[in-house]
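Numbered from 1 within each chain, the chains take letters A, B, ... in sequence-line order.
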Protein chains: 2
Amino acid sequence: MTHTRTPGRTGPRHPGDVRARIQQVALDLFIEEGYDRTSLREIAERVGVTKAALYYHFPAKEDLAESLLDERIAALDALIGWAEQQPDPDRMRPEFLRRYTAGLHGPGRDARIARFLGRNPLVLDLLPAGRQLRDRIDRMFALLGGPDPSPTARLRRILALLCLHLDDLLPAEPARDEPARRDAALTLALETLQTRG
Amino acid sequence: MTHTRTPGRTGPRHPGDVRARIQQVALDLFIEEGYDRTSLREIAERVGVTKAALYYHFPAKEDLAESLLDERIAALDALIGWAEQQPDPDRMRPEFLRRYTAGLHGPGRDARIARFLGRNPLVLDLLPAGRQLRDRIDRMFALLGGPDPSPTARLRRILALLCLHLDDLLPAEPARDEPARRDAALTLALETLQTRG
DNA sequence: GTCTATAAACCGATAGAC
DNA sequence: GTCTATCGGTTTATAGAC
C-alpha cells in the first residue's frame, strides 16, 4: 500500500492542493472571459503547471467545469431537502429565500459559481451537470409557488429568485457584492414573492 | 457609374438579400449554441454559400455580430430620445416601460437580439458595440429612477427592466413568448417600479 | 504527478480566379 | 459576389519519459 491517493478524493497532501487550485483558477477565468474563450493552456499557465498536468486531474475540459457545478448541485439539493420537510409552505417560502441567499454568500465557492453561470448561461444547456442544475432550479420554482399558478404568479416567483442573482446577471457594477446591497435584494425578493396582485 | 452597390446599404436587389439572410442565420445560431461555438463555416453552410462569401459582406466575425447590435442600439437611442423630451418624469416612466416592451416585440429583430444577448452576456464586454449598448442600458436605469437613489431604489429600477427580459434570460420555458406572459411581465414591471418601500 | 513533444482537428482569415 | 484553395495559428487531447 502506497501513499498515492486518487486525485478525486479530498484531503490535500499539502496546502494549495493542485486540483483545488485548478478549480479556483478555472472559475476565475471562466467568469472573466467566458468558458469557451478560456483555454486549458491559459489555466495551466496561471496555476503554474503544464497543460498535460490538467489532464491528470480532469479527463477533459468539460469535466473540470462539471466538477464546479457538482458543488452547487449538492448545495441546492440540501436546501430543497430542507424545504420539502417543512410542514407549512407559507412560512417556509420566506425562510427559503433567506437560506438561499445566505448559502450563496457563506463560505465556499457558491457565489462565484453562480456568477460563472450568470456569465455563461449556455453552460446550462451544454453540460450534463448543467441540465441537472436546471432541474433543481425548476424544483425550486415549484416550491416557491402554490399549485395552479396564474401567469403573473409564475413570473413572480421566478422574479423573486432572480432578485438574489441580480449581481450575477449584470455586468460589473460599482456597488456589487456589498452587504447592504444583498440586504436590499433580499427585501425586494420577499416583497416580490409575497405581494398578491 | 455601375449598378454595383455597397453591401452595407439597404434595398435588396432581389428578395432574400444574402446579407440579411446571413444576419438571420447567424442570429439563430448565436442564440442556439452561443456566439463562440458558432463557426463561420456553420453559418455559411446553413445560408447555402461558402465561408469566403461571408467575408465579402462582413470583414470579420465580430463585424457580423456588431451589425446585429447596431440595430438594437438605434432602437434604444430612439426610445431614450423620446424619454428625455418628456416634461413629467413620473408620467414618463410607466409609459417608458410600455414602449420598451412594445418595441421589443414589434416588427424587426429586436426580440431575438435581446435573447442573443441574454444567452451571450459576455458579448457586452467583448465587442465595442456591446460596450455602447451597455452605456444605453445605464442611461435607461438613470431615466427610470430619480436622483440620489437608495440601494433598494437602485435595485428596484434594475429589476423592473429585467422583468421585461425574463424570457431572454431564462433557459427555454414551455410558455415563452406568449402575449399573456408579456402582459404579466409588464404588470409586474410597473408594480415593481412604482412600489415605494 | 508532472513533464516534453506531438498528433489531429478546427478556426478565422486571405489570395486570386471567374 | 461567389467560388476553390490554402495559410497560419490555436485548440483539445494523447503518448511516453521521468
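Under the side-chain hydrogen bond (donor to acceptor under 3.5 Å, both in side chains) criterion, B:Arg154 pairs with A:Glu173, not counting sequence neighbours. Every side-chain contact (heavy atoms from CB on, under 4.5 Å) that B:Arg37 has, sequence neighbours left out, goes to A:Tyr35, A:Asp36, A:Leu126. Under the side-chain contact (heavy atoms from CB on, under 4.5 Å) criterion, A:Arg157 pairs with A:Phe141, A:Leu144, A:Pro149, A:Leu193, not counting sequence neighbours.
In this structure, the separation between CZ on B:Arg112 and CG on B:Asp28 is 4.5 Å, given to the nearest 0.5 Å.
When the C1' atom of D:dC3 is taken as reference, atom NE2 of B:His57 falls 13 Å away, rounded to whole Å. In this structure, CG of A:Asp63 is placed 12 Å from C1' of D:dA13, rounded to the nearest angstrom. A:Glu42 places its CD atom 12 Å from the P atom of D:dT10, with the value rounded to the nearest Å. Whole-Å rounding puts the A:Arg37 CZ to C:dC10 P distance at 20 Å.
Within the structure, the side chain to side chain donor-acceptor pair (under 3.5 Å) test picks out the following pairs touching residues 75-87 of chain A (sequence neighbours left out): A:Asp77-A:Arg136.
No salt bridge links B:Asp135 with B:Arg131; every basic N to acidic carboxylate O contact stays at or beyond 4.0 Å.
At a non-hydrogen distance threshold of 4.0 Å, nothing from residues 26-36 of chain B comes into contact with DNA chain C.
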Legend entry - Stepwise side chain to side chain contact (heavy atoms under 4.5 Å, CB included) check, A:Leu117 with A:Leu69: CA-CA 9 Å; A:Leu117 287 168; A:Leu69 299 194; 4.0 Å; yes
Legend entry - Derivation and outcome, side chain to side chain contact (heavy atoms under 4.5 Å, CB included), residues B:Asp63 and B:Tyr55: CA-CA 10 Å; B:Asp63 296 281; B:Tyr55 280 94; over 6 Å; no
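One finds no side-chain N or O of A:Arg41 lying less than 4.0 angstrom from the OP1 or OP2 phosphate oxygen of D:dT10. Note on A:Thr50: a side-chain N or O is less than 4.0 Å away from OP1 or OP2 of C:dC3. Look at A:Tyr56 and you'll find a side-chain N or O under 4.0 angstrom from OP1 or OP2 of C:dG1.
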Is there any protein nitrogen or oxygen under 3.5 Å from a nitrogen or oxygen in nucleotides 13-16 of chain C, and what are the pairs?
from	atom 1	to	atom 2	distance (Å)
C:dA13	OP2	B:Tyr55	OH	3.1
C:dA13	OP2	B:Lys61	N	3.0
C:dA13	O5'	B:Tyr55	OH	3.4
C:dA13	N6	B:Lys51	NZ	3.1

